[in-house]
Amino acid sequence: MALVTLSTIVGWLTYSAFLSLMALGITLLYRTTKVANFAHASFVTVGAYVTYTSTITLSPNPYFGVPVAFVLVGVVAVLLFYAVLEPMRRRNSSTVMLMIATLSFDIIMLGVVNIHADYLTNAYVLPSRNVTLIGSDFKFMGQPGILFVALGTLVLCSAALYMLLNFTTLGIALRASMENSSLSEAIGINVSMMLAISWFIAGGLAGMAGALIPLWTQINPNVGTFLMASMFCASIVGGLEQIYGAVLGGLLLGLVDVVGTSVLCSLVGPWVALYEPVIPLLVLSATLIIAPRGLAGVRVRRGK
Amino acid sequence: MTPLDQVILFVVDLSALLAVYLIINVGLNVQEGITGIPNFGIVFAVAGGAYITGGLSTRIAVSLLGTQTNLDPIFDNISVLQLVNPILRSQPPTAIALLILFLIIGGIAGALMGLISSAPAVRLREDYLAITLLAFGEILNVIGIGYKPLIGGPIGVNVPDIFGWAGQYRFYAGTLVLLLVATAIFAYAGYLIKTPLGRTLKAIRDNETVARSLGKDITQYRTVSILLGSTLCGIGGSLWVLYSGAVTPTYARFDWTFLPWLMILLGGMGSSRGVLVGTVIFVALNKLIIYYKHAFVGILPFDIVWLNYILLGLITILILIYRPEGIVREKWTAPKQNLSAADKEVKAG
């Protein structure tokens with residue numbers, strides 16, 4: 001019996017694509033606003049409920065909700081930035097205070113999503129917890145469509161982000177405000193606008209990743225919270241200093257998580273699967289002890 | 001039940017919650033308020049104290065009381081407790097001794113959890129530490145659900161009734177004990193701030209470089225602070241389990257990390273009095289909201305508890321934006337006799 005089956009690899013690539021999309025946003029925000037955005041968890045949840053709700057009420061095509069989720073969650077992220085973080089930044093709040101603010105925002109969004117889910121059930125008699133859209137996905141070459149869509153989205157988004165940051169004036173202004181915000185302000189870049197744009201992109205990416213999740217597994221209002229440790233782990237494994245490290249971190253964490261669990265299950269016993277949520281913590285701990293700056297921070301020393 | 005009984009029951013219940021949260025908030029304040037360690041995962045230490053107490057208390061009670069039984073203390077929990085509880089009910093001193101033993105165990109469990117969760121990042125910058133501690137937060141629930149011999153899996157277990165000797169006044173006695181422990185811990189924390197250790201921790205919070213230049217080992221002091229704070233959180237978790245009489249693997253980030261943060265922010269970080277004020281105001285308000293929530297059931301098309309989430313999140317954000325120092329400002333804590341003329345000027349101005 002093969003230790004690693006085709007379905008394990010499909011699971012790994014899909015899961016990694018989600019993780020990478022989420023980690024990209026976390027790293028981007030860490031670079032621009034110097035804050036670990038704990039509200040990322042609820043961004044993902046909101047995205048998931050956007051596709052779910054739009055599929056059962058408006059359009060039978062689940063992918064219709066994906067762009068909607070990008071825009072909606074992007075706007076939510078900008079709201080968090082302008083309504084909460086920007087006033088705090090102007091008062092010189094510490095990083096820790098900004099982090100609590102994002103955590104509080106996460107709690108608010110958790111309340112909103114739960115109210116939405118309750119409302120779907122009570123007012124429209126629709127199921128809203130532990131639901132999935134796997135049934136309405138298409139098949140391509142015998143594999144679930146979500147595999148190709150998730151990977152395609154990841155490739156497109158990283159490429160678009162790369163183009164934006166390297167070949168446009170806006171991207172150069174964005175990078176300048178990441179590197180040195182006061183100097184950028186001095187040469188006339190609207191730094192707070194640049195930060196807002198980065199929040200829109202990061203929120204949009206998280207919303208899009210969330211929007212694809214119902215096609216891959218069951219969702220409930222805790223789906224983002226449940227993935228929180230994993231997305232931050234992917235971001236740190238990749239290295240918080242390098243945006244594209246996030247993609248690498250997502251692929252690696254997905255590999256250890258999905259393939260590692262599957263191999264351990266067949267070697268040790270199926271009970272291992274219960275402890276799967278521990279894996280990102282072990283990877284995170286190992287990374288912080290061995291290479292605190294993440295994979296992208298590792299420099300190979302060359303011999304003379 | 002007469003209205004007076006209802007009021008008394010309400011106050012007793014409120015005081016118990018207040019005592020537990022006061023202990024945990026003092027534990028958080030030692031870390032974040034005094035040392036500046038952003039512990040977003042105190043639920044890890046609280047749940048550690050709670051689950052270890054839940055898992056060990058029946059086993060310890062059985063072996064120390066010499067109960068003859070072939071039943072398993074966790075899987076035949078109810079039957080075993082039917083043997084243990086009458087003995088505890090007839091011997092109050094034994095029950096109190098066991099209580100103290102369980103609190104020590106809870107404290108050690110909390111300290112261990114604090115050490116485990118902070119070890120990977122205690123040397124790194126504070127944001128790495130915050131992310132790591134947050135990530136560890138709810139992981140004990142996974143173990144509590146998966147490893148059944150700990151606390152019986154998802155359904156949880158009951159623990160020996162330590163306050164059974166008080167008969168129908170069981171919850172009154174429990175609340176009294178909780179308040180006593182909380183007062184002792186609160187007094188200790190107030191004393192700690194004035195000791196050399198407390199002042200060193202504050203120095204590290206205010207300026208790490210200066211503290212290091214004075215020969216203080218930052219990593220070591222941060223670890224001490226996490227150990228101290230997590231011990232208190234573990235004791236809080238343990239007390240809550242002993243008071244409520246049961247434990248399930250459902251210790252969530254909202255109840256045991258977010259709310260303590262909200263309370264110390266509300267009262268004022270770093271200040272002992274602030275922690276007390278924040279805890280009293282918050283617990284009383286929240287208990288009132290829960291008490292009156294049944295008035296809304298049926299009117300709204302959703303569970304009222306989510307409105308509570310939104311409200312508390314908004315309050316926290318408003319505090320952060322408009323009054324980040326909280327209700328009570330942190331006080332100057334240097335011993336009076338050592339004040340130089342310059343210091344006095346600073347204090348006066």
Side-chain angles (χ1 to χ4, degrees), chain A residues 26 30 34-36 38 80 83-84 87-88 90-91 93-101 103-119 121-123 221 225-226 228-230 232-233 235-236 240 271-278 280-281 284-289 292, chain B residues 32 36-40 116-117 119-132 134-139 141-143 145-148 153 252-254 257-259 261-262 265 269 300-322 324:
Chain A
I26 291 177
Y30 186 83
K34 309 276 180 290
V35 62
F38 294 142
L80 164 61
V84 181
M88 288 179 68
R90 248 183 267 129
R91 287 169 161 256
S93 293
S94 66
T95 316
V96 174
M97 294 294 148
L98 293 177
M99 284 197 266
I100 309 172
L103 192 64
S104 312
F105 194 82
D106 193 59
I107 298 278
I108 296 177
M109 294 309 292
L110 199 63
V112 172
V113 172
N114 271 294
I115 286 177
H116 173 72
D118 278 1
Y119 190 69
T121 306
N122 294 342
T225 316
F226 188 73
M228 201 168 187
S230 304
F232 273 96
C233 175
S235 176
I236 287 185
L240 283 174
W271 57 270
V272 179
L274 272 175
Y275 297 100
E276 196 185 333
V278 182
L281 294 181
L284 177 66
S285 307
T287 312
L288 287 178
I289 290 168
Chain B
E32 162 61 25
I37 297 166
N39 195 335
F40 285 126
I116 293 173
S117 57
V122 73
R123 283 180 177 74
L124 301 173
R125 274 210 325 269
E126 62 181 7
D127 33 13
Y128 279 90
L129 190 56
I131 295 171
T132 314
L134 183 100
F136 266 89
E138 286 178 332
I139 206 65
N141 289 348
V142 172
I143 295 164
I145 291 168
Y147 185 65
K148 296 221 163 47
R253 179 184 299 140
F254 178 74
T257 295
F258 179 70
L259 293 187
W261 269 92
L262 167 51
L265 271 170
M269 268 188 208
L300 299 169
F302 51 81
D303 193 340
I304 189 97
V305 71
W306 306 122
L307 221 49
N308 207 17
Y309 271 55
I310 297 178
L311 186 71
L312 297 179
L314 275 177
I315 292 177
T316 316
I317 287 177
L318 290 178
I319 298 173
L320 285 169
I321 296 178
Y322 294 108

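Here is the naming used below: chain letters follow the sequence lines, and residue numbers restart at 1 for every chain.
The shortest non-hydrogen separation linking B:Ile139 to A:Pro277 is CD1-O, 3.4 Å. Nearest heavy atoms, B:Pro120 versus A:Leu288: O-CB, 3.6 Å. When every heavy atom of A:Tyr275 is checked against every heavy atom of B:Val142, the shortest pair comes out as CA-CG1, 4.2 Å. When every heavy atom of B:Pro301 is checked against every heavy atom of A:Asn122, the shortest pair comes out as O-ND2, 2.8 Å. For B:Tyr322 against A:Arg91, the heavy-atom pair with the smallest separation is O-NH1, 4.1 Å.
By the 4.5 Å heavy-atom criterion applied to side chains, B:Leu134 and A:Met99 are not counted as neighbours.
For the atom pair A:Leu240 CG and B:Arg125 CZ, the distance stands at 8.0 Å (nearest 0.5 Å). Note that CD1 of A:Ile26 is 7.5 Å distant from CD1 of B:Ile131, once rounded to the nearest 0.5 Å. B:Thr132 contributes atom OG1, which lies 10.5 Å from atom CZ of A:Phe232 (distance to the nearest 0.5 angstrom). Separating the CZ atom in B:Phe302 from the CG atom in A:Asn114 is a distance of 11.0 Å, to the nearest 0.5 Å.
Looking at A:Ile236, only its side chain comes within 4.5 Å of chain B, counting heavy atoms on both sides. Of the two parts of A:Ala286, neither the backbone nor the side chain holds a non-hydrogen atom closer than 4.5 Å to a non-hydrogen atom of chain B. Neither the backbone nor the side chain of B:Arg123 comes within less than 4.5 Å of any heavy atom of chain A. Using a 4.5 Å cut-off between heavy atoms, B:Leu262 does not touch chain A at all. For B:Ile143, the parts sitting under 4.5 Å from any heavy atom of chain A are the backbone and the side chain alike. A:Ala101 touches chain B through backbone and side chain together, each having a heavy atom under 4.5 Å away. For chain B, the nearby parts of A:Met97 are the backbone and the side chain; heavy atoms of each come within less than 4.5 Å. Contacts of A:Ile100 with chain B are made by both backbone and side-chain atoms, with heavy-atom separations under 4.5 Å.
Taking B:Phe258, B:Phe254, B:Phe136, B:Tyr147 one by one and counting their heavy-atom pairs under 4.5 Å with chain A, the maximum is reached by B:Phe258. Interface summary for chain B: among A:Leu274, A:Val112, A:Thr121, A:Ile108, the most heavy-atom pairs under 4.5 angstrom belong to A:Ile108. The choice from A:Leu110, A:Ile289, A:Leu281 that makes the most heavy-atom pairs within less than 4.5 Å of chain B is A:Leu281.
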Query - Stepwise side chain to side chain contact (heavy atoms under 4.5 Å, CB included) check, B:Asp127 with A:Tyr30 - result: CA-CA 10 Å; B:Asp127 33 13; A:Tyr30 186 83; 2.6 Å; yes

Residues 305-321 of chain B, side-chain donor-acceptor partners within the protein, below 3.5 Å, at least two apart:
residue, atom, partner, partner atom, Å
B:Trp306, NE1, A:Asp118, OD2, 3.3
B:Asn308, ND2, B:Asn286, OD1, 3.4
B:Thr316, OG1, B:Leu312, O, 2.7

